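Here the structure is laid out as structure tokens; the discussion comes afterwards.
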Amino acid sequence: MNGIASTAAVTSGRFSRIAGTGGHLPGRRLTNAELADQLALRGVETSDDWIVERTGIRARHFAADGEQCSDLAVAAARRALDAADCDVASIDLIIVATSTPDMVFPSTACIVQQKLGIAGCAAFDMQAVCSGFVYALTVADSMIRSGAANKALVIGAEVFSRLLDFDDRGTCVLFGDGAGAVVLQASDSPGLIASELHADGRYVDILCTPGSVAGGLIRGDPTLKMDGQAVFKLAVGVLEEVARSVLVKAGRNEADIDWLIPHQANIRIMQSTARKLKLSMDKVIVTVADHGNTSAASIPLALDVAVRDRRIARGDTVMLEGVGGGFTWGAVLLDY
Ligand code: ACO
């Protein structure tokens with residue numbers, strides 16, 4: 001395919017490596033049964049059984065009124081800085097992957113920078129919906145390799161609860177809020193080994209929030225719309241394809257993957273991807289049951305969970321895979 005943004009494995013030079021991870025979930029946890037009770041009050045029928053069987057989701061976390069995307073991002077960033085034993089003053093790049101920013105502008109990354117009490121370094125948002133973290137990590141890696149940055153905070157943070165139409169049972173049961181972050185720093189050895197990013201704008205309509213702000217009013221519908229079956233079919237195809245392509249670039253194969261961290265949208269998409277890559281589900285990090293789909297936050301949150309419970313150890317080979325609205329998708333292979 002033409003026009004693919006990617007980095008290929010090289011054996012010497014300047015690389016980037018994850019120095020620490022962090023995650024944050026807002027305090028309000030809602031089980032399927034609790035959500036079903038609330039939806040019933042609006043005349044919307046669903047059940048724990050339906051949600052678990054079709055998606056694997058059992059609960060999600062929702063931000064409190066007034067709790068912003070940047071608040072979740074800062075909490076995750078502070079944990080990542082602690083884990084990396086890193087002074088915030090040494091950060092020279094902040095990228096926040098989000099589709100639910102605090103404001104139309106400035107970027108949530110600038111607000112995060114202000115809340116962290118630093119100034120001067122580059123800060124910008126990455127908008128690639130559920131693929132946002134994989135996009136952001138690839139861009140940060142490129143900037144570190146080129147010498148444009150030395151130590152980056154790469155964050156995925158979302159308050160998707162704000163986009164949901166609670167009269168649409170086909171979408172409102174799927175999503176949750178949260179944030180995950182990594183400190184990515186320059187290193188003599190990889191680190192990130194290979195990555196690849198894709199988009200296909202022909203599929204804009206199958207997963208979108210079409211509203212916008214104009215003339216002081218909301219124009220169009222500001223809630224999330226999804227053709228679930230179309231998304232499902234595309235997702236399982238591209239997740240296999242991009243994983244294989246990144247492995248070829250890295251000169252590795254499926255057996256070299258210690259851990260697969262796919263975007264946490266739906267357990268059935270993850271099972272299908274693992275099957276196609278001939279990986280046992282024991283090697284797949286799954287947090288969708290307790291987090292729901294947190295869009296750009298899902299991959300760094302899952303990474304942080306598995307690092308903190310010591311499944312992922314230093315030296316393990318990890319494949320991160322994102323897929324989402326746009327349609328966008330991508331993968332990063334790294335040695336943790
Ligand atoms: N509770 C009970 N019944 C429901 C619910 C619900 N929450 N939602 C839909 N239904 C009903 C429908 O109304 C329909 O009823 P009908 O047969 O009487 O008309 C029936 O269930 C089947 O509906 P479908 O939409 O065909 O259900 P499907 O089996 O496709 O499952 C789902 C829907 C879970 C969304 C599935 O399509 C899917 O997993 N898609 C992948 C999309 C995804 O994961 N998106 C996340 C965001 S995208 C991303 O992050 C990449």
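Whatever order the structure lists ligands and atoms in, that order sets their numbers, starting from 1. Owing to the predicted nature of the structure, the values given are computational and were not obtained by experimental measurement.
The backbone N or O of Val44 sits nowhere less than 3.5 Å from a side-chain atom of Asp167 that would complete a donor-acceptor pair. One N or O on the side chain of Asp258 and one on the backbone of Thr317 form a donor-acceptor pair closer than 3.5 Å. A side-chain donor-acceptor contact under 3.5 Å links Arg17 to the backbone of Pro190. Not a single donor-acceptor pair under 3.5 Å links the side chain of Asp335 to the backbone N or O of Ile193. Judged purely by atom type and a 3.5 angstrom limit, Ser272 has no side-chain atom pairing as donor or acceptor with the backbone of Arg268.
Here the shortest heavy-atom distance to atom 41 (C) of ligand 1, taken over Gly228, Gly56, Cys172, belongs to Gly228. Taking all heavy atoms of Met226, His263, Arg54, Glu53 into account, the minimum distance to atom 45 (N) of ligand 1 is reached by Met226. Which of Trp50, Trp329, Phe160 comes nearest to atom 21 (O) of ligand 1 through a heavy atom is settled by distance: it is Trp50. Of the candidates Val231, Asp49, Val129, Leu174, the one placing a heavy atom closest to atom 42 (C) of ligand 1 is Val231.
A donor and an acceptor atom, one from each side chain of Asp125 and Thr98, are nowhere located under 3.5 Å apart. Checking Thr100 against Glu158 by side-chain atom types alone, a donor-acceptor pair falls below 3.5 Å. For the residue pair Asp304 / His24, no side-chain donor-acceptor distance below 3.5 Å is found, with atom types taken as modelled. Side-chain N/O atoms of Ser16 and Asp141 include a donor and acceptor closer than 3.5 Å.
Of the protein's heavy atoms, Arg268 NH2, 3.9 Å lies nearest to atom 36 (C) of ligand 1. Atom 1 (N) of ligand 1 has Thr46 OG1, 2.6 Å as its closest protein atom, hydrogens excluded (heavy atom only). Shortest contact from atom 14 (C) of ligand 1 to any protein heavy atom: Arg169 NH2, 4.5 Å.
Inside a 4.0 Å radius of atom 30 (O) of ligand 1 there is at least one protein heavy atom. Distance remark: protein heavy atom present below 4.0 angstrom from atom 11 (C) of ligand 1. Within the 4.0 angstrom cut-off, atom 48 (S) of ligand 1 has one or more protein heavy-atom neighbours. When distances from atom 38 (C) of ligand 1 to the protein are checked, a heavy atom turns up under 4.0 Å. Counting protein heavy atoms under 4.0 angstrom from atom 27 (O) of ligand 1 gives one or more. Within a 4.0 Å radius of atom 8 (N) of ligand 1, the protein has at least one heavy atom.
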Requested in this report: Dump the intermediate steps for side chain to side chain contact (heavy atoms under 4.5 Å, CB included) on Lys225 and Thr171, then the final yes or no.
Outcome: CA-CA 8 Å; Lys225 310 288 166 217; Thr171 56; over 6 Å; no

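When only interatomic distances are considered, the shortest N/O to N/O separation between Thr55 and ligand 1 does not fall below 3.5 Å. By the 3.5 Å distance cut-off applied to N or O atoms, Gln229 is counted among the residues near ligand 1.
Close contacts between ligand 1 and Val173 involve ligand atoms 7 (N) [criterion: under 4.0 Å to a heavy atom]. Here is the list of ligand 1 atoms found below 4.0 Å of a heavy atom in Val323: 51 (C). The atoms of ligand 1 that sit less than 4.0 Å from any heavy atom of Leu207 are 48 (S). Distances below 4.0 Å separate heavy atoms of Asn293 from the following atoms of ligand 1: 46 (C), 47 (C), 49 (C), 50 (O).
A heavy-atom separation below 4.0 Å is found between Gly170 and ligand 1.
At a heavy-atom distance under 4.0 Å, no atom of Thr171 approaches ligand 1.
In this structure, Arg145 forms no cation-pi arrangement with Phe15, as its terminal cationic atom is not both closer than 6.0 Å to the ring centre and no more than 45° off the ring axis.
Remark: of the listed residues Gln264, His263, His291, His263 is the sole one forming a side-chain hydrogen bond (donor to acceptor under 3.5 Å, both in side chains) with Ser298.
When every heavy atom of Glu67 is checked against every heavy atom of Val159, the shortest pair comes out as O-CG1, 4.3 Å.
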